[in-house]
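Each remark here refers to the structure printed beneath this line.
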Protein chains: 2
Amino acid sequence: MSSRGDWNELRGRRMAEPGAAEAYESTRLAFELGRAVRELRERRGWSQTELAEAASMTQSAIARFEAGGTVPTLPVLERLARALDVELAVGFQARSDAA
Amino acid sequence: MSSRGDWNELRGRRMAEPGAAEAYESTRLAFELGRAVRELRERRGWSQTELAEAASMTQSAIARFEAGGTVPTLPVLERLARALDVELAVGFQARSDAA
DNA sequence: CCAGGACATAGCATCGATGCTATATGTATC
DNA sequence: GATACATATAGCATCGATGCTATGTCCTGG
């Protein structure tokens with residue numbers, strides 16, 4: 001069920017929108033990036049609040065992001081990468097058409 | 001002189017802002033992504049107008065983007081990648097700290 | 001010189017992400 | 001039960017990217 005979620009529903013609705021293959025991909029990306037950050041954060045044993053401080057953000061912003069609640073912007077991704085001491089990679093690749 | 005530029009100045013100012021290492025990186029990224037798209041587009045022999053159509057955008061948006069005039073959003077990058085038949089890659093990597 | 005195509009900018013409306021504050025749960029711990 | 005910390009959401013203000021339309025400039029061809 002949607003249980004305590006709400007952004008979960010939002011995501012679901014977004015991904016279901018017809019024709020918007022692009023929106024679907026973005027939402028998927030947002031979700032994956034959120035998971036990645038959560039992993040990196042937990043690997044460091046940091047709380048959302050700690051990461052928030054390190055990235056000049058608020059705990060709520062981190063929570064929203066990790067939940068895939070919004071499609072992050074590059075500046076934010078940069079800040080998170082910096083805080084987590086990793087590198088943000090963005091670019092185009094030859095289509096592998098995996099899947 | 002700033003010649004015909006203006007976004008050039010904007011970029012310059014942005015990248016010069018002190019302390020904003022994050023903003024600097026984003027601007028740099030925007031610039032590189034713009035170049036990448038321009039290359040892919042020209043490689044295909046497309047005009048900005050043609051790419052714009054393929055990506056459901058306007059010529060002016062493409063121009064602004066290629067010039068690095070703004071930091072693009074993931075949805076837009078997705079659309080461009082799709083139009084150019086390449087894959088958008090976004091993620092975190094171990095810091096190589098090159099340079 | 002004029003017409004047409006390509007690219008650069010401008011100016012403004014709108015949408016959506018982020019910032020911020022407050023709060024609701026949930027889970028220990030004492 | 002009260003306290004304390006972590007995470008999830010809400011609601012609203014603001015900022016910035018994108019959409020759109022209209023030009024301006026440069027080139028090239030007739």
Side-chain angles (χ1 to χ4, degrees), chain A residues 1-14 17 20 22-23 26-27 29-31 33-35 37-39 41-42 44-80 83 90, chain B residues 1-14 17 20 22-23 26-27 29-31 33-35 37-39 41-42 44-80 83 90:
Chain A
M1 287 106 101
S2 52
S3 56
R4 46 169 147 69
D6 183 82
W7 286 337
N8 294 310
E9 297 179 49
L10 174 58
R11 269 214 324 279
R13 254 177 292 130
R14 272 194 194 163
E17 268 165 31
E22 149 233 338
S26 295
T27 304
L29 236 179
F31 189 60
L33 287 170
R35 276 204 325 175
V37 165
R38 168 160 296 185
E39 257 184 59
R41 175 176 65 80
E42 294 183 330
R44 297 212 152 203
W46 285 1
S47 68
Q48 292 184 337
T49 304
E50 291 173 301
L51 173 56
E53 247 181 85
S56 303
M57 300 172 67
T58 54
Q59 179 265 323
S60 72
I62 300 290
R64 180 167 45 189
F65 170 77
E66 285 187 356
T70 60
V71 178
T73 58
L74 294 185
V76 165
L77 291 177
E78 274 287 353
R79 276 192 283 169
L80 288 171
V90 186
Chain B
M1 300 84 101
S2 51
S3 58
R4 44 171 148 68
D6 183 82
W7 287 337
N8 295 309
E9 296 179 50
L10 175 57
R11 269 214 324 279
R13 253 177 293 130
R14 271 192 195 167
E17 269 165 33
E22 149 234 339
S26 294
T27 304
L29 235 179
F31 189 60
L33 287 169
R35 277 203 325 175
V37 165
R38 169 160 297 184
E39 257 184 58
R41 174 175 66 81
E42 294 183 330
R44 296 210 152 202
W46 283 2
S47 68
Q48 292 184 336
T49 304
E50 291 172 302
L51 173 57
E53 246 182 86
S56 303
M57 301 171 67
T58 55
Q59 180 265 321
S60 71
I62 300 290
R64 182 168 42 188
F65 170 76
E66 286 188 356
T70 59
V71 178
T73 58
L74 295 184
V76 166
L77 290 177
E78 274 288 353
R79 276 191 284 169
L80 288 171
V90 186

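Every chain is numbered from 1 and lettered A, B, ... according to where its sequence line falls, protein lines coming before strand lines.
- At a cut-off of 3.5 angstrom, the base of D:dT21 holds at least one donor-acceptor pair with the side chain of B:S60.
- Taking every side-chain heavy atom of A:R38 into account, D:dA8 is the closest of D:dA8, C:dT21, C:dA17.
- Regarding A:E53, its CD atom lies at a distance of 14 Å from the C1' atom of D:dA6, rounded to whole Å.
- A 4.5 Å side-chain heavy-atom check between A:V90 and B:L77 finds at least one atom pair inside the cut-off.
- Taking 4.0 Å as the cut-off between side-chain N and carboxylate O, A:R41 and A:E66 count as a salt-bridged pair.
- One can place CG of B:L29 at 18 Å from P of D:dG16, the figure rounded to the nearest angstrom.
- The shortest side-chain heavy-atom distance between A:T49 and A:I62 does not fall under the 4.5 Å cut-off.
- Which of C:dC20, C:dC7, D:dG19 sits closest to the side chain of B:R64 comes down to D:dG19.
- Between the CZ atom of A:F65 and the P atom of C:dT18 there is a distance of 8 Å, given to the nearest Å.
- In this structure, B:L51 and B:V37 have side chains that are in contact, with non-hydrogen atoms separated by less than 4.5 Å.
- Residue contacts shown for B:Q59 include a base, since a base heavy atom lies under 4.0 Å away.
- Taking only distance into account, the side chain of A:S47 never meets the base of D:dT7 through a donor-acceptor pair shorter than 3.5 Å.
- OP1 or OP2 of C:dG19 sits under 4.0 Å from a side-chain N or O of A:R79.
- Between B:R41 and C:dC7, a side-chain N or O to OP1/OP2 separation shorter than 4.0 Å is present.
- By the 4.5 Å heavy-atom criterion applied to side chains, A:V76 and A:M57 are counted as neighbours.
- When the P atom of C:dC7 is taken as reference, atom CH2 of B:W46 falls 13 Å away, rounded to whole Å.
- The phosphate of C:dG16 has neither OP1 nor OP2 within less than 4.0 Å of any side-chain N or O from A:T73.
- In this entry the distance linking CD of B:E66 with P of C:dT9 reads 12 Å, nearest Å.
- The distance from atom CG of B:L51 to atom P of D:dG19 is 12 Å, rounded to the nearest whole Å.
- Checked against C:dA8, D:dA8, D:dG11, the side chain of B:A63 finds its nearest nucleotide in C:dA8.
- Residue B:L74 contributes atom CG, which lies 13 Å from atom C1' of C:dG16 at whole-angstrom precision.
- Regarding B:M57, its CE atom lies at a distance of 15 Å from the P atom of C:dC7, rounded to whole Å.
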